[in-house]
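Notes for the one structure printed next.
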Amino acid sequence: MLLQQSVRRSATTLMSGIAKRNLGTLISTKELATSLDAVKLLDGSWHMPNTNRDPYQEYIQQHIPGARFFGIDEIKDTTVDLPHMLPAPDAFAAAVGKLGISEQDHVVVYDSVGLFSAPRVYWTFKAFGHENVSVLNGGLPKWIKDGYPTESVEPKFEPATYKVPEINRNLVWDYDAVLGNARQQGKVAQVLDARPQARFTGQVPEPRPGLSSGHMPGSISLPFDKLIEDGSLMDQEKLRQVFQSANVDLEKPIVASCGSGITASILYFALEQIGAKNIAVYDGSWTEYAGKKDSIIIKDQ
């Protein structure tokens with residue numbers, strides 16, 4: 001309790017509202033600890049269905065002080081039969097407003113794995129034009145490892161008004177755009193596939209029943225875990241080496257894809273860190289693509 005109070009006092013004394021301007025998009029546990037009172041903190045944890053983990057119940061049991069829970073499987077487009085697609089702008093504004101967040105707030109997102117689903121929430125805010133957003137490197141595990149406090153009481157907060165935003169279409173690709181790119185062998189944009197390589201090649205089945213594994217013509221396999229080291233995003237030099245080894249041209253358009261849009265956002269976030277500008281996420285990802293009859297799917301022999 002004393003450590004928690006000390007953290008909050010430090011936030012008030014040292015930051016006093018300036019963190020909104022000074023925090024980068026990737027922050028350390030120390031930076032967050034001295035900024036807690038100047039940001040709106042979100043637990044954006046999500047787990048694969050086969051893990052049988054409930055991210056909300058885990059959040060209730062233990063979270064960073066003051067964090068609100070952002071439900072990836074709740075704040076989504078409910079009109080389509082696809083997992084956690086971007087919600088409509090008014091639905092996003094209503095959901096975020098209920099969490100006590102306005103468009104002026106600086107939002108910091110973390111997850112309970114380290115760096116897994118938080119970039120998806122980050123990209124969601126960016127797609128809706130919210131620029132003041134950061135990801136906690138190493139997430140909750142690193143926060144705990146570094147000796148910072150947690151709590152198990154869900155915080156109380158006042159709802160806020162979040163102005164209905166417009167979607168930045170430059171950050172979001174849809175099925176038609178991806179299919180058109182596949183028909184041109186990836187000449188419009190480089191598609192980076194964050195799924196495990198065996199799913200990319202078609203050697204193992206997809207975890208979702210009825211979906212073919214394989215990949216789009218012209219796409220590049222870059223499993224997301226190649227960017228993670230000890231639960232944190234690698235430093236920029238190592239990230240550059242990974243993308244370079246995959247023959248990714250940072251000066252050309254890049255679209256990140258995965259199984260359902262979660263780990264693709266890790267690629268998007270990592271590319272941002274090393275200066276790529278023309279980057280987007282295919283929101284429907286492989287779940288949508290492989291579910292369409294006219295999709296072109298390649299399997300390595």
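In this structure a side-chain-to-backbone donor-acceptor pair under 3.5 Å is missing from Ser112 to Leu140. A side-chain donor-acceptor contact under 3.5 Å links Asp105 to the backbone of Ser102. Asn278 places no side-chain N or O within donor-acceptor distance of the main-chain N or O of Lys252, the cut-off being under 3.5 Å. In this structure, the side chain of Arg68 does not engage the main chain of Val96 through any donor-acceptor pair within 3.5 Å. The backbone N or O of Asp54 sits nowhere less than 3.5 Å from a side-chain atom of Gln57 that would complete a donor-acceptor pair.
For Lys76, the NZ atom sits in a packed shell: over 12 heavy atoms of surrounding residues, nucleotides or ligands are nearer than 6.0 Å.
How far OG of Ser213 is from CD1 of Ile298: 13.0 Å, rounded to the nearest 0.5 Å. Annotation: the span from Asp111 atom CG to Leu42 atom CG amounts to 12.0 Å, rounded to 0.5 Å. A distance of 9.5 Å separates CZ in Arg199 from CG in Leu211, rounded to the nearest 0.5 Å. Here His106 contributes atom NE2 and Glu131 contributes atom CD; the two are 11.0 Å apart, rounded to the nearest 0.5 Å. If you take CD on Glu251 and CD on Gln190, they are separated by 10.5 Å, rounding to the nearest 0.5 Å. In this structure, CG on Leu179 lies 10.5 Å from CD on Glu288, to the nearest 0.5 angstrom.
Two residues are said to be in side-chain contact when any heavy atoms from C-beta on lie closer than 4.5 Å; Trp286 and Met216 meet this criterion. With contacts defined as side-chain heavy-atom distances shorter than 4.5 Å, the pair Leu32/Tyr148 does not qualify. Under the 4.5 Å side-chain criterion, counting only non-hydrogen atoms from C-beta, Ile27 is in contact with Ser134. Using a 4.5 Å heavy-atom cutoff, the side chains of Tyr110 and Ile64 are in contact. The side-chain heavy atoms of Val255 and Leu192, taken from C-beta on, include no pair separated by under 4.5 Å. Proximity of Leu233 to Leu239: side-chain heavy atoms (C-beta onward) are separated by under 4.5 Å at one or more points.
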**Message:** Run Arg240 and Leu250 through side chain to side chain contact (heavy atoms under 4.5 Å, CB included) and show every step you take.
**Reply:** CA-CA 9 Å; Arg240 287 184 178 277; Leu250 300 182; 3.7 Å; yes

**Request:** Could you give me the CA-CA distance, side-chain angles and deciding distance for Glu58 and His47, then say whether side chain to side chain contact (heavy atoms under 4.5 Å, CB included) is met?
**Result:** CA-CA 11 Å; Glu58 292 183 7; His47 306 295; 3.3 Å; yes

**Item:** Full working for salt bridge (Lys or Arg N to Asp or Glu O under 4.0 Å) between Lys277 and Glu272
**Value:** CA-CA 7 Å; Lys277 301 298 182 183; Glu272 255 196 8; over 6 Å; no

**Message:** Before you tell me yes or no, could you show the steps for Tyr175 and Asp283 under side chain to side chain donor-acceptor pair (under 3.5 Å), namely the whole-Å CA-CA distance, both residues' side-chain angles and the distance that decides it to 0.1 Å?
**Reply:** CA-CA 9 Å; Tyr175 173 74; Asp283 195 15; over 6 Å; no

**Message:** With side chain to side chain contact (heavy atoms under 4.5 Å, CB included) as the criterion, how do Tyr122 and Phe269 come out once you've worked through the C-alpha distance, each side chain's angles and the decisive distance to 0.1 Å?
**Reply:** CA-CA 8 Å; Tyr122 171 91; Phe269 185 71; 3.5 Å; yes

**Request:** Tell me, with the steps shown, if Asp77 and Thr79 meet side chain to side chain donor-acceptor pair (under 3.5 Å).
**Result:** CA-CA 6 Å; Asp77 185 351; Thr79 67; 2.6 Å; yes

**Request:** Could you walk me through whether Ile266 and Tyr268 pass side chain to side chain contact (heavy atoms under 4.5 Å, CB included), step by step?
**Result:** CA-CA 5 Å; Ile266 299 176; Tyr268 172 91; over 6 Å; no

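A continuous path of ILVMFWY side-chain contacts below 4.5 Å connects Val281 to Leu271, so both sit in one hydrophobic cluster. Tracing side-chain contacts under 4.5 Å through hydrophobic residues (I, L, V, M, F, W, Y), one never reaches Phe69 starting from Leu136; they form parts of separate clusters. Transitive grouping of hydrophobic side chains (ILVMFWY, heavy atoms separated by less than 4.5 Å) brings Leu222 and Phe224 into a common cluster. Both Phe116 and Val109 are assigned to one and the same hydrophobic cluster, defined by single-linkage of ILVMFWY side chains at heavy-atom distances under 4.5 Å.
Side-chain polar atoms of Asp230 and Ser232 form no donor-acceptor pair below 3.5 angstrom. In this model, no donor atom of one side chain and acceptor atom of the other lie less than 3.5 Å apart for Ser257 and Asp193. One side chain, Trp46 or Asp73, offers a donor N or O that lies under 3.5 Å from an acceptor on the other. In summary, the side chains of Gln62 and Thr150 do present a donor paired with an acceptor at a separation below 3.5 Å, with no hydrogens or angles considered. Between the side chains of Glu206 and Ser212, no donor-acceptor pair is found at a separation under 3.5 Å.
A parallel orientation is assigned to the rings of Tyr59 and His63, their planes being inclined by less than 30° (bins at 30° and 60°).
No close placement of the Tyr282 and Trp173 rings is indicated, their centers lying 6.0 Å or farther apart. Centroid-to-centroid, the aromatic rings of Phe92 and Phe125 come within less than 6.0 Å.
Nearest approach of Ser260 to His84, heavy atoms of both residues: OG-NE2, 2.8 Å.
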Show me, pair by pair, the donor-acceptor contacts under 3.5 angstrom made by side chains of residues 161-171, not counting sequence neighbours?
{"from": "Tyr162", "atom 1": "OH", "to": "His130", "atom 2": "ND1", "distance (Å)": "2.7"}
{"from": "Asn168", "atom 1": "OD1", "to": "Asn170", "atom 2": "N", "distance (Å)": "3.1"}

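Identified under the ring pair (Phe, Tyr, Trp, His ring centres under 6.0 Å) test for residues 180-202, with sequence neighbours left out: Phe200-His215.
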